[in-house]
J.: 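Structure below; questions to follow.
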Amino acid sequence: AQSVAQPEDQVNVAEGNPLTVKCTYSVSGNPYLFWYVQYPNRGLQFLLKYITGDNLVKGSYGFEAEFNKSQTSFHLKKPSALVSDSALYFCAVRDKGTGRRALTFGSGTRLQVQP
Amino acid sequence: NAGVTQTPKFQVLKTGQSMTLQCAQDMNHNSMYWYRQDPGMGLRLIYYSASEGTTDKGEVPNGYNVSRLNKREFSLRLESAAPSQTSVYFCASTSPASGRKAPDTQYFGPGTRLTVL
């Protein structure tokens with residue numbers, strides 16, 4: 001079985017400050033890891049993913065995430081937050097060893113960036 | 001390309017009524033999915049279709065049925081709606097692993113907000 005934990009329901013950060021949104025995962029094999037963002041009344045938009053290789057993954061809108069196998073984590077980061085980054089962020093995982101491509105999502109973290 | 005489209009955007013049903021949520025993608029993706037989103041629970045997989053002609057249960061299939069009508073379309077049916085099915089429903093599709101662009105990335109539709117009274 002695969003699972004994802006996002007331990008923070010909400011993260012508050014001031015504009016211009018760095019932000020981190022936390023994610024830990026559990027899979028029996030090796031993971032594919034994803035971050036998605038959801039703006040109000042919209043579907044989920046892909047931000048970035050880790051497949052293999054470099055542990056630091058760069059994605060859309062200046063976001064990046066670091067894969068840490070020993071800590072089974074995939075935290076989302078951005079050096080300087082913007083008010084427009086305020087949204088709901090989801091981490092997701094898929095076990096590479098399974099043929100099924102369905103993702104398991106975390107419960108989501110609401111990011112609030114204050115001006 | 002329109003990407004993934006869903007209809008309707010909003011729906012209100014009474015307990016016991018039936019309805020079908022429609023989903024279509026124009027990206028030539030093989031795999032399609034139906035999720036429901038509830039507050040504090042993230043997205044939970046209802047059903048998925050790995051390819052045309054196949055469907056499989058996900059995490060929360062009870063009370064739902066699906067049809068993969070062709071490669072483009074994947075519908076979700078509620079035969080007898082219950083208040084517990086009040087949720088936002090998202091359809092998604094995935095490019096093949098051998099695809100040139102972002103393989104295994106899921107692309108989502110805008111969602112259907114369903115209320116069952």
J.: Are more than 12 heavy atoms from other residues, nucleotides or ligands located less than 6.0 Å from atom CZ of A/R110?
T.: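 Incorrect, the count does not exceed 12.
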J.: Output, in order, the C-alpha distance, side-chain angles, deciding distance and verdict of side-chain contact (heavy atoms from CB on, under 4.5 Å) for B/Y48 and A/L103.
T.: CA-CA 11 Å; B/Y48 68 101; A/L103 300 179; over 6 Å; no
J.: At their closest point, which heavy atom of A/S107 faces which heavy atom of B/G40, and how far apart are they?
T.: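 In this case the closest contact between A/S107 and B/G40 is CB-O, 3.4 Å.
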J.: Can you get from A/V13 to A/L88 by hopping between Ile, Leu, Val, Met, Phe, Trp and Tyr side chains that sit under 4.5 Å apart?
T.: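 Different clusters.
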J.: Non-hydrogen atoms of chain B under 4.5 Å away: do they reach the side chain of A/Q45, the backbone, both or neither?
T.: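 No part of A/Q45 comes within 4.5 Å of chain B.
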J.: Is it the case that atom NZ in A/K22 sees more than 12 heavy atoms from other parts of the structure closer than 6.0 Å?
T.: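 No - once you tally the heavy atoms of other residues, nucleotides and ligands closer than 6.0 Å, there are 12 at most.
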J.: Going hydrophobic residue to hydrophobic residue with side-chain gaps under 4.5 angstrom, can you get from A/V93 over to A/Y50?
T.: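 As far as the 4.5 Å side-chain criterion goes, A/Y50 and A/V93 are connected within one cluster.
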J.: Roughly how far apart are B/F90 CZ and A/Q38 CD, rounded to 0.5 Å?
T.: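 Answer rounded to 0.5 Å: 4.5 Å.
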J.: Heavy-atom count check: over 12 atoms from other residues, nucleotides or ligands less than 6.0 Å from A/R42 CZ?
T.: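 Check fails, neighbour count at 12 or below.
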J.: Are any of the side-chain heavy atoms of B/M41 and A/F105 separated by less than 4.5 Å?
T.: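 Result no, sub-4.5 Å side-chain heavy-atom pair not found.
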J.: Which heavy atom of A/F90 sits nearest to which heavy atom of B/Q37, and what is that distance?
T.: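 Heavy atoms of A/F90 and B/Q37 come nearest at CZ-NE2, 3.2 Å.
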J.: Can you measure from OG1 (B/T105) to OH (A/Y32) and round to the nearest 0.5 angstrom?
T.: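 Answer rounded to 0.5 Å: 10.5 Å.
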J.: Determine which residues belonging to residues 53-84 of chain A lie within contact range of chain B, meaning some heavy atom pair is under 4.5 Å apart, and list them by number or answer 'none'.
T.: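 Contacts with chain B: none.
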J.: Linking I/L/V/M/F/W/Y whenever their side-chain heavy atoms sit closer than 4.5 Å, directly or via other members, would B/I46 and B/L78 fall into one cluster?
T.: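 B/I46 clusters together with B/L78.
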J.: Would you say B/M32 and B/Y47 are hydrophobically clustered, going by side-chain heavy atoms of ILVMFWY under 4.5 Å?
T.: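 Cluster IDs for B/M32 and B/Y47 match.
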J.: Checking an interface table here. Which of residues 110-117 of chain B come within a heavy-atom distance under 4.5 Å of chain A?
T.: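 B/P110, B/R113 fall under the 4.5 Å cut-off.
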J.: When the aromatic ring centroids of B/F108 and A/F46 are compared, is their separation below 6.0 Å?
T.: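 No; A/F46 has its ring centre 6.0 Å or more from that of B/F108.
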J.: When you compare the side chain of A/T104 with that of B/L43, does any pair of heavy atoms fall below 4.5 Å?
T.: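 No - every pair of side-chain heavy atoms lies 4.5 Å or more apart.
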J.: Establish whether A/V4 and A/W35 are linked, either directly or via other cluster members, by ILVMFWY side-chain heavy-atom contacts under 4.5 Å.
T.: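 Hydrophobic grouping puts A/V4 with A/W35.
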